[in-house]
Amino acid sequence: MMKKTIIKMLMAVALVGTVASCSDDDNTTPRVNIEESTVTVDSKQPGKVVFHWTTPENADFYYIKVEYDDPVKGHRVLNASTYADSIMIDGLYAKYGELAYSFTAVSEDGGEKALFTKTAKAGYVPADIKDYEVGPISLTAAQLWTDDQESSEGPISALVDGNNGTYFHMSWSAPSAWPHYIRVDLGKKVKGISFWYKGRNNGNNDNPKKMTVLASNNVGDNPDAAGAWEIGKLGSNVLPSGRAPEYTSPGLFSETEFQYLWLQIEEAYSGNNWIAMAELTVKEMTRSIYDPENEPIK
């Protein structure tokens, strides 16, 4: 009887030893891992954090596990293979601030080696901006003014007569230095506009090459006297040259409503101190802005 008891005890000890030998403690621990000193972070891409590192020679980890806590989605885990030298985390926002990313090396049989923790902030996600046309603004000659009307031809009323064959001409008989102005009374207050013009159909290239677009709620002989503020700048990269060119501006907006639109002409393609223009129209515009970075974190 005593002999059988001893045998059973020995078998139990052997069984315990077998179970212990198969425990997670015996999983392989990676020894050749990425070095923290080689890790760099790219936080400039919108809504992303990208970690780069130098892949070690003879790495014995199966993959790198990166864990972090997303303020909205909760705990997240991403993996990078043994051959990778980077990992990208997206779906983030700069408003989340600095998040902690823990790196762990994992062997093929599940053994783990905690490596280091890096903090990083995602790049700012830009707002989604969409411009919409409200409709055309009817203009009459009485709503137009210029500081530089040519006395012998090209009245400013020609800009709104619907005839591409007529034209407005700034002074060539008594030219003066830039800038010169076309002021438009919109007849109502708006926050956004877009304008279109058609140049004169001749070979002189008397087209605007550079202009500043301003807005005001007062009249005056110049933008400063009217208390105007800038809503756009346009140059030769967008303004057309040549015979009878056409140009449509992008939506130009102000946080403050305005009634007067100023086209401050600062240079002409001809090199002269005047421009000529066949037609001018203005449309009211509105803008919708969705800025996810300013939305509350839910």
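Reckoned from all heavy atoms, side chains included, excluding hydrogens, waters and symmetry mates.
Crowding of K44 atom NZ: a count of heavy atoms from other residues, nucleotides or ligands under 6.0 Å not exceeding 12. Residue-environment remark: CG (N58) stays at or below the threshold of 12 foreign heavy atoms within 6.0 Å. The local environment of NZ in K113 is sparse, with at most 12 non-hydrogen atoms from other residues, nucleotides or ligands closer than 6.0 Å. Few gaps surround CD on E295; more than 12 heavy atoms of other groups in view lie less than 6.0 Å from it. No more than 12 heavy atoms of other residues, nucleotides or ligands sit less than 6.0 Å from atom CG of D221.
A donor-acceptor distance shorter than 3.5 angstrom exists from the side chain of E98 to the backbone of A120, with no hydrogens or angles considered. Side-chain atoms of D60 come within 3.5 Å of backbone atoms of V32 as a donor-acceptor pair (strictly under, hydrogens ignored). Of the possible polar contacts, one joining the E150 side chain to the W172 backbone as a donor-acceptor pair under 3.5 Å is found. With K95 contributing its side chain and P292 its backbone, the two residues share a donor-acceptor pair below 3.5 Å. At distances below 3.5 Å, at least one donor-acceptor pair connects side-chain atoms of E293 with backbone N or O atoms of A94. Between the side chain of T146 and the main chain of Y181, a donor-acceptor pair closer than 3.5 Å is present. The backbone N or O of A84 lies less than 3.5 Å from a partner atom in the side chain of T55, making a donor-acceptor pair. No donor-acceptor pair closer than 3.5 Å links the side chain of N272 to the backbone N or O of W274. For the pair D128 (side chain) and Y290 (backbone), a donor-acceptor distance under 3.5 Å is absent. Side-chain atoms of S194 come within 3.5 Å of backbone atoms of S249 as a donor-acceptor pair (strictly under, hydrogens ignored).
Heavy-atom minimum distance, N33 versus A105: OD1-CB, 3.1 Å. Here the shortest heavy-atom pairing between G242 and N207 reads O-ND2, 2.8 Å. In terms of heavy atoms, V134 sits closest to M285 at CG2-C, 3.9 Å. Among all heavy-atom pairs drawn from V41 and S43, the shortest one is CG2-OG, 3.6 Å. For the residue pair I297 and P71, the shortest heavy atom distance occurs at CG2-CB, 4.1 Å. The shortest heavy-atom contact between N27 and G110 is ND2-C, 4.0 Å.
At a threshold of 4.5 Å between non-hydrogen side-chain atoms, the residues Y167 and N202 do not count as touching. The side-chain heavy atoms of Y247 and V238, taken from C-beta on, include a pair separated by under 4.5 Å. The shortest distance between side-chain heavy atoms of I34 and L115 falls below 4.5 Å. W229 is listed as a side-chain neighbour of N217, based on a closest heavy-atom distance under 4.5 Å.
Interatomic distance, Y197 OH to I275 CD1, rounded to the nearest 0.5 Å: 8.0 Å. Taking CZ of F51 as the start and CZ of F103 as the end, the distance is 4.5 Å to the nearest 0.5 Å. A distance of 13.0 Å separates CD of Q143 from OG of S157, quoted to the nearest 0.5 Å. Taken from CG in L280 to CG in L261, the straight-line distance is 8.0 Å, to the nearest 0.5 Å.
Between the side chains of T212 and E266, at least one donor N or O sits under 3.5 Å from an acceptor N or O. There is no side-chain donor-acceptor pair under 3.5 Å between S270 and N204. Looking only at atom types and distance, the side chain of D109 has a donor-acceptor partner in the side chain of S107 under 3.5 Å away.
Follow the hydrophobic side-chain contacts under 4.5 Å out from F195 and you reach I156 in the same cluster. Residue V160 is grouped with residue V184 when hydrophobic side chains (ILVMFWY) are merged at heavy-atom distances under 4.5 angstrom, including chains of intermediate members. Placement of V77 and V66 in two distinct hydrophobic clusters is found when ILVMFWY residues are connected by side-chain heavy-atom separations under 4.5 Å, directly or transitively. Both M211 and L159 belong to a single network of hydrophobic side chains, linked directly or stepwise wherever heavy atoms of I, L, V, M, F, W or Y lie under 4.5 Å apart.
Using a 4.0 Å cut-off between charged side-chain N and carboxylate O, K198 and E246 make a salt bridge. Here R287 pairs with D131 in a salt bridge; the nearest charged N to carboxylate O distance falls below 4.0 Å. Between K210 and E267, no side-chain nitrogen of the basic residue sits less than 4.0 Å from a carboxylate oxygen of the acidic one, so the salt-bridge criterion is not met.
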Report task. Apply the test side chain to side chain donor-acceptor pair (under 3.5 Å) to residues D69 and Y96: give CA-CA distance (whole Å), side-chain angles for both, the deciding distance (0.1 Å), then the verdict. Result -> CA-CA 10 Å; D69 291 320; Y96 292 169; over 6 Å; no

**Report entry** Evaluation steps, side chain to side chain contact (heavy atoms under 4.5 Å, CB included), between N79 and Y62
**Finding:** CA-CA 10 Å; N79 298 325; Y62 189 49; over 6 Å; no

